[in-house]
There are 2 protein chains.
Amino acid sequence: MPQSARASTSSRDKLHLDSFVPYRLSVLSNIVSMSIAHTYEREFGLSIPEWRVIAVLARYPNLSAIEVAERTAMDKVAVSRAVQSLLAARRLVRTYDKGDRRRSMLRLSAAGRAVYTRIAPLALGYERKLLNALSASDRRALDRLIGRLMERARLLDHLDGKGS
Amino acid sequence: MPQSARASTSSRDKLHLDSFVPYRLSVLSNIVSMSIAHTYEREFGLSIPEWRVIAVLARYPNLSAIEVAERTAMDKVAVSRAVQSLLAARRLVRTYDKGDRRRSMLRLSAAGRAVYTRIAPLALGYERKLLNALSASDRRALDRLIGRLMERARLLDHLDGKGS
DNA sequence: TTGCGATAGTTTCAATTGTAACCATTGAAG
DNA sequence: CTTCAATGGTTACAATTGAAACTATCGCAA
């Protein structure tokens, strides 16, 4: 079998990490996340999960833990831990649903809201500085592209393999 | 003090996780990475760091551990661990530089190359399926946008705060 | 030579995270 | 009324990761 097409690594099978989109996305996302995370860790002792919980509760008060998980793309264990440390820091108030006592109802305390109103501008400021690298139309394009890719990635994920 | 402008969260300070670019990037990147990681974990028992080391050594043989770290955006501890488990699995060969015996020289064994030639097409196949969500010109745009953002993110990172 | 700061890489220990098992409550079925 | 599967959430334990300290070698200087 001379230069078998099956066994040889044809040029289109070559993978350059530098131009491999999943790799590039991962590196970009890590730099960005760590940059922001560093800000609110330093200033408020918040971890990323904690910050996400605060952000979503600022927008949608009285969610249950599971609803928070859905909106933040975290799993319920991560939410549970973030909620516990936020409760301990008195940045959150938890009550339980009358009529379904499994269901918690979470909202920010005054202290929690204060944290939010101080961090949100920092986070948005970082985003703005980041997006300054792009023209207005590029920014719109970016949004659209991320949306499309997210949709497709979820589809692929559910189609094959781990579609639990 | 009726609707104090200072204390209230003005509309441009509001942060919607759903439209916050750093958050969207992070979610997208996680879905994508885990989807691919799942494939090579299942089929070859490779972790993400191990896969990255293999990918870069397939392209550039005889790198030292630190050079691998630079090209994969991993830190040297992660590289050290990945290298150890790849050595144990006999997928890597390590020699030491004559003349500087601190410096290792890493390259794939035959088994390592075999793993590479089987995974690379899977990874590229995934990328292709993902990018099928986009037109050719959108794909070019995506590449350009990621590049610009990466550059800007690194700049911002080094400017302020943690510029170690 | 000896000494010393820098570089390559490893080890150690603590913190974070992920998985699975678990407890409590609910709702519906018998 | 019991029983039992499903749901909300927590706990326990193992695996991963990160930061800092450590070892070994090198290059240069006195």
Side-chain angles (χ1 to χ4, degrees), chain A residues 26-27 29-31 33-35 37-38 40-42 45-53 56-57 62-88 92-107 157 162 164, chain B residues 26-27 29-31 33-35 37-38 40-42 45-53 56-57 62-88 92-107 161-162 164:
Chain A
S26 158
V27 171
S29 159
N30 281 346
I31 300 175
S33 290
M34 303 223 319
S35 215
H38 194 250
Y40 41 75
E41 149 59 30
R42 181 178 41 195
L46 282 188
S47 68
I48 293 183
E50 286 163 14
W51 160 243
R52 286 190 178 173
V53 170
V56 77
L57 287 176
N62 285 318
L63 296 183
S64 70
I66 286 222
E67 288 164 339
V68 169
E70 284 160 5
R71 291 190 181 270
T72 54
M74 297 162 60
D75 73 288
K76 64 183 186 162
V77 176
V79 170
S80 172
R81 292 198 257 243
V83 164
Q84 290 197 47
S85 77
L86 289 171
L87 284 172
L92 229 61
V93 177
R94 176 167 58 187
T95 52
Y96 289 94
D97 192 47
K98 281 286 193 216
D100 183 348
R101 302 208 313 280
R102 293 170 305 182
R103 192 173 203 85
S104 61
M105 297 174 58
L106 302 165
R107 62 213 143 74
D157 207 43
K162 64 160 296 193
S164 72
Chain B
S26 158
V27 171
S29 160
N30 282 345
I31 299 176
S33 291
M34 302 225 317
S35 216
H38 193 250
Y40 40 77
E41 150 58 31
R42 179 178 42 194
L46 283 186
S47 68
I48 292 183
E50 287 162 14
W51 161 243
R52 285 189 179 174
V53 169
V56 78
L57 288 176
N62 285 318
L63 296 183
S64 70
I66 286 221
E67 288 163 340
V68 169
E70 283 160 5
R71 290 190 182 269
T72 54
M74 297 162 60
D75 72 282
K76 63 180 187 164
V77 176
V79 171
S80 172
R81 292 199 258 241
V83 165
Q84 289 197 45
S85 76
L86 289 171
L87 284 173
L92 231 61
V93 176
R94 174 167 58 186
T95 53
Y96 288 94
D97 192 48
K98 282 286 196 218
D100 185 349
R101 302 207 312 279
R102 294 170 304 181
R103 191 174 203 84
S104 61
M105 297 174 56
L106 301 166
R107 62 213 142 74
K162 62 159 301 192
S164 75

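First the proteins, then the strands, lettered A, B, ... as listed; each starts at 1.
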K.L.:
Return the value, rounded to whole Å, for the distance between atom CE of B:M74 and atom C1' of D:dT17.
P.N.:
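My rounded result for the distance is 11 Å.
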
K.L.:
Measure the CG-CZ distance between B:L63 and B:R71 for me, rounded to the nearest 0.5 Å.
P.N.:
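That separation rounds to 6.0 Å.
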
K.L.:
Output the rounded distance in Å from CD (A:E70) to C1' (D:dG9).
P.N.:
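That distance rounds to 14 Å.
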
K.L.:
Have a look at B:D100 and tell me which of B:K98, B:R102, B:R103 forms a side chain to side chain donor-acceptor pair (under 3.5 Å) with it.
P.N.:
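For B:D100, the side chain to side chain donor-acceptor pair (under 3.5 Å) check succeeds only for B:R102.
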
K.L.:
Are OP1 or OP2 of D:dT11 and a side-chain N or O of A:Q84 less than 4.0 angstrom apart?
P.N.:
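So the side chain of A:Q84 is within the cut-off, an N or O lying under 4.0 Å from OP1 or OP2 of D:dT11.
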
K.L.:
Checking A:L46 against A:L86 for the side chain to side chain contact (heavy atoms under 4.5 Å, CB included) test, could you report, in this order, the C-alpha distance in whole Å, the side-chain angles of both residues, the deciding distance, and whether it holds?
P.N.:
CA-CA 9 Å; A:L46 282 188; A:L86 289 171; 4.0 Å; yes

K.L.:
To the side chain of B:R94, which of D:dT25, D:dT10, C:dT10 is closest?
P.N.:
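Among D:dT25, D:dT10, C:dT10, the one nearest the side chain of B:R94 is C:dT10.
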
K.L.:
Taking the side chain of A:D75 as its heavy atoms from C-beta onward, which of C:dG18, D:dT25, C:dG9 lies nearest to it?
P.N.:
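When the side chain of A:D75 is considered, C:dG18 is the closest of C:dG18, D:dT25, C:dG9.
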
K.L.:
Can you figure out which of D:dT25, C:dT26, C:dT10 approaches the side chain of B:S80 most closely?
P.N.:
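For the B:S80 side chain, the nearest candidate turns out to be C:dT10.
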
K.L.:
Check whether any side-chain N or O of B:R103 sits under 4.0 Å from OP1 or OP2 of C:dT7, and answer yes or no.
P.N.:
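No, because none of the side-chain N or O atoms of B:R103 sits under 4.0 Å from OP1 or OP2 of C:dT7.
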
K.L.:
To the nearest 0.5 Å, tell me how far A:S47 OG sits from A:R52 CZ.
P.N.:
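That separation rounds to 10.0 Å.
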
K.L.:
Quick one: pull up CD in B:E67 and CE in B:M105 and give me the separation to the nearest 0.5 Å.
P.N.:
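Reported to 0.5 Å precision, the distance equals 9.5 Å.
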
K.L.:
Taking for each residue the nucleotide of DNA chain C with the nearest heavy atom, is it B:I66 or A:G99 whose nucleotide lies nearer the 5' end?
P.N.:
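It is B:I66, whose closest nucleotide lies nearer the 5' terminus.
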
K.L.:
Can you measure A:K76 atom NZ to D:dG9 atom P for me and round it to whole angstrom units?
P.N.:
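Going from A:K76 (NZ) to D:dG9 (P), I get 9 Å.
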
K.L.:
Starting at CG of A:D100 and ending at P of D:dG8, how long is that distance when rounded to a whole Å?
P.N.:
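Rounding to the nearest Å, CG of A:D100 and P of D:dG8 are 8 Å apart.
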
K.L.:
Expressed as a whole number of angstroms, how long is the span from A:R102:CZ to C:dC22:P?
P.N.:
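A:R102 atom CZ is separated from C:dC22 atom P by 20 Å.
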
K.L.:
Using the closest heavy atom to pick a nucleotide of DNA chain C for each, name whichever of A:P49 or A:V77 lands nearer the 5' end.
P.N.:
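Result of the comparison: A:P49.
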
K.L.:
Is the phosphate of C:dA8 approached by B:S64 (side-chain N or O, under 4.0 Å from OP1 or OP2)?
P.N.:
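Negative; the distance criterion is not met.
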
K.L.:
Output the rounded distance in Å from CD1 (B:I48) to P (C:dG18).
P.N.:
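Roughly 11 Å, once rounded to whole Å.
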
K.L.:
Send over the distance from B:R81 CZ to C:dA8 C1', rounded to a whole Å.
P.N.:
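That distance rounds to 16 Å.
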
K.L.:
Round to a whole Å and report the spacing from CG of A:D97 to P of D:dT7.
P.N.:
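To the nearest whole Å, that distance equals 17 Å.
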
